[in-house]
Engineer: 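Got a structure for you, written out below as structure tokens; questions coming shortly.
Please read all numbers here as calculations on a predicted model, not as lab measurements. Heavy-atom basis, side chains included; hydrogens, waters and symmetry copies ignored.
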Amino acid sequence: MRFFIGVLLILVACAGCGRSTEPTGHEPIHVSFLDNESVLDSTAKFLKHSGCNEDGVFSFVKAVKAYNSTPLQVDLSGFPHAVQGVFTFQSVTQLVGALHHKLRDTPHAFEINCYDTVFDLTEGQFKSALKPDDVFGLSLAPALVTNGQWSCFPTATARDAFMWSCPLWYLNASNPFIPKSSANSRMNVIAALYGYYVLPLSTRNTELPHAVLETLRANWERQRITFPTASEVVLCHGVDLTRHAALTLHAGLLFRRERGYTYVEKDSGSGPFVRLDFETERALLPWLASKVDRYDEGPQEFFATFNNTRIVELNVSASSAAVLSQANQPMQPTPR
């Protein structure tokens with residue numbers, strides 16, 4: 001059986017969850033696309049020092065170097081002068097405003113995506129106690145099958161979900177950047193990261209954050225997922241309350257430093273790798289909000305979760321665009 005959910009987008013207030021409106025982001029923020037050798041080297045050292053697995057960091061660096069082996073196709077005319085590969089903006093809103101297009105729309109071959117990048121950097125920490133063929137119950141695995149249409153296939157194991165969501169061409173493109181010994185654990189983690197979820201029919205807008213987080217938690221518990229403690233997995237979700245449906249759209253990794261935070265992501269399969277450094281966690285929210293769009297059809301509410309503990313609403317402006325960009329997805333349109 002296939003569930004077609006139509007056109008979907010490309011992509012803490014209280015102890016557990018809550019609504020929040022991002023601040024305007026008036027604090028300095030440093031950004032790098034990791035295309036500077038010294039920045040990449042210092043980032044690799046930081047990741048290892050922060051508890052990331054050495055094999056995972058090696059695969060991450062390999063993927064970054066492969067991506068940056070071709071010139072970065074991002075218009076930097078609105079950026080300040082870089083100092084050793086790092087751009088400094090006075091606010092995250094200034095940074096977002098300097099981008100002439102969504103990073104996911106950067107012209108580049110589709111390689112490793114945001115979910116596998118998180119897997120690399122949390123390898124051995126973000127994991128499941130199950131094996132790929134262990135049955136954990138019904139799970140809806142999303143896959144983009146034609147332009148603007150998604151097929152959500154009912155699956156019962158991580159292997160089934162992974163193979164449905166990740167077409168062969170993507171596996172061939174991304175496998176060189178995954179630790180060879182981690183093929184099985186990768187299936188479990190990706191099946192947990194990337195999913196389509198059904199909310200209770202009783203869900204109302206006023207209780208939406210709680211309902212989304214509890215739905216995610218219930219699925220992760222069935223998959224026996226353990227989240228990392230040295231970092232936080234940041235996931236962006238779009239919610240269409242008319243369909244009582246939620247879809248995970250993007251993933252990144254947040255590290256707490258002695259003074260401030262570091263956030264690392266890969267923006268889709270075509271977009272660049274990004275490192276952000278900032279002082280307060282809330283400075284990240286406008287950046288996450290900039291990655292998704294609200295259209296007349298599809299998700300109207302957007303949230304970011306931090307591990308399985310917190311959820312925050314993202315303030316996403318409405319858009320009148322008629323054509324959706326599909327580049328922020330973990331795969332491209334593939335006939336089935």
Side-chain angles (χ1 to χ4, degrees), residues 1-21 114-115 128 136-145 148-158 160-161 164-165 189-225 227 233-251 285 288-289 291-316 318 324 328-330:
M1 179 192 305
R2 297 183 181 180
F3 296 87
F4 290 93
I5 61 176
V7 178
L8 284 175
L9 302 184
I10 305 304
L11 281 260
V12 163
C14 61
C17 61
R19 289 184 178 267
S20 174
T21 301
C114 59
Y115 304 105
S128 170
F136 59 79
L138 178 64
S139 173
L140 297 178
L144 185 61
V145 292
Q149 276 199 325
W150 289 81
S151 175
C152 290
F153 191 74
T155 60
T157 70
D160 291 345
W164 175 259
S165 295
V189 168
I190 299 305
L193 281 174
Y194 181 49
Y196 175 71
Y197 307 94
V198 177
L199 303 174
L201 293 177
S202 60
T203 303
R204 298 293 179 266
N205 189 272
T206 55
E207 58 191 22
L208 194 53
H210 176 78
V212 171
L213 185 58
E214 287 305 301
T215 299
L216 292 168
R217 282 173 171 168
N219 282 270
W220 291 330
E221 287 174 4
R222 285 192 296 108
Q223 294 167 284
R224 298 177 64 183
I225 292 295
F227 282 82
V233 176
V234 180
L235 300 175
C236 297
H237 313 275
V239 179
D240 185 347
L241 192 53
T242 62
R243 292 185 173 90
H244 289 84
L247 176 69
T248 303
L249 301 170
H250 184 61
L285 301 184
L288 298 177
K291 296 188 172 299
V292 296
D293 303 281
R294 179 182 288 123
Y295 295 86
D296 293 337
E297 297 292 332
Q300 297 296 305
E301 307 288 344
F302 299 89
F303 299 90
T305 54
F306 296 77
N307 277 357
N308 60 342
T309 59
R310 294 174 294 137
I311 185 168
V312 176
E313 185 175 18
L314 299 176
N315 184 9
V316 178
L324 299 182
N328 198 35
Q329 302 305 326

Engineer: How would you list, by chain and number, every residue that makes a side chain to side chain donor-acceptor pair (under 3.5 Å) with Asn307, sequence neighbours excluded?
Structural biologist: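 None.
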Engineer: Could you list the residues that satisfy side chain to side chain donor-acceptor pair (under 3.5 Å) with Ser139, not counting sequence neighbours?
Structural biologist: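 Here no residue qualifies.
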Engineer: CZ of Phe303 to CD1 of Ile311: how many Å apart, nearest 0.5 Å?
Structural biologist: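 Reported to 0.5 Å precision, the distance equals 5.5 Å.
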Engineer: In the structure I gave you, are the side-chain heavy atoms of Ile225 and Ser128 within less than 4.5 Å of one another anywhere?
Structural biologist: yes
Engineer: How close do Leu213 and Asn308 get, heavy atom to heavy atom, and via which atoms?
Structural biologist: CD1-O, 4.3 Å
Engineer: In Å, rounded to the nearest 0.5 Å, how long is the span from CZ of Phe136 to CD of Gln223?
Structural biologist: 4.0 Å
Engineer: Who pairs with Phe227 by ring pair (Phe, Tyr, Trp, His ring centres under 6.0 Å), at least two apart in sequence or on another chain?
Structural biologist: Phe126, Trp220
Engineer: Does Val233 reach the side chain of Leu193, with side-chain heavy atoms less than 4.5 Å apart?
Structural biologist: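 Yes, at least one pair of side-chain atoms sits under 4.5 Å.
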Engineer: List the atom of Ala191, the atom of Ala161, and the distance in Å for their closest heavy-atom pair.
Structural biologist: CB-CB, 4.0 Å
Engineer: Looking at CG of Leu249 and CG of Leu235, how far apart are the two atoms once the value is rounded to the nearest 0.5 Å?
Structural biologist: 10.0 Å
Engineer: Restricting to side-chain contact (heavy atoms from CB on, under 4.5 Å), what partner residues turn up for Thr215, sequence neighbours left out?
Structural biologist: Tyr197, Leu199, Pro200, Asn219
Engineer: Leu138: what forms a side-chain contact (heavy atoms from CB on, under 4.5 Å) with it, not counting sequence neighbours?
Structural biologist: Pro154
Engineer: Nearest heavy-atom pair of Ala251 and Cys114: which atoms, and what distance?
Structural biologist: O-CB, 3.4 Å
Engineer: Considering only heavy atoms from C-beta outward, does the side chain of Asp160 approach that of Phe153 to under 4.5 Å?
Structural biologist: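 With C-beta onward as the side chain, the pair stays apart.
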Engineer: So which heavy atom on Leu201 is nearest to which on Arg204, and how close?
Structural biologist: O-NH1, 3.4 Å
Engineer: To check you understand the geometry: which heavy-atom pair defines the closest contact between Leu285 and Phe306, and what is its length?
Structural biologist: CD2-CZ, 4.2 Å
Engineer: Pair Thr203, His244 - check side chain to side chain donor-acceptor pair (under 3.5 Å), show working.
Structural biologist: CA-CA 8 Å; Thr203 303; His244 289 84; 5.4 Å; no
Engineer: Looking only at non-hydrogen atoms, find the nearest pair between Ser165 and Ala141 and report the distance.
Structural biologist: OG-CB, 3.7 Å
Engineer: Rounded at 0.5 Å granularity, tell me how far CG in Leu247 sits from OH in Tyr194.
Structural biologist: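 Answer for the CG-OH pair, Leu247 versus Tyr194, is 5.5 Å.
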Engineer: Output the distance between atom CG (Asp240) and atom CD (Gln300), rounded to the nearest 0.5 Å.
Structural biologist: 7.0 Å
Engineer: Counting C-beta onward and ignoring hydrogens, is there a side-chain heavy-atom pair between Leu216 and His237 closer than 4.5 Å?
Structural biologist: yes
Engineer: Glu214: what forms a side chain to side chain donor-acceptor pair (under 3.5 Å) with it, not counting sequence neighbours?
Structural biologist: Arg217
Engineer: Look up atom CG in Leu314 and atom NZ in Lys291, then write down how far apart they are to the nearest 0.5 Å.
Structural biologist: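 Between atom CG of Leu314 and atom NZ of Lys291 there are 11.5 Å.
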Engineer: Decide yes or no for Asn205 and Glu301: does some side-chain heavy atom of the first lie under 4.5 Å from some side-chain heavy atom of the second?
Structural biologist: yes
Engineer: Can you find a heavy atom in the side chain of Cys236 that is under 4.5 Å from one in the side chain of Phe302?
Structural biologist: no
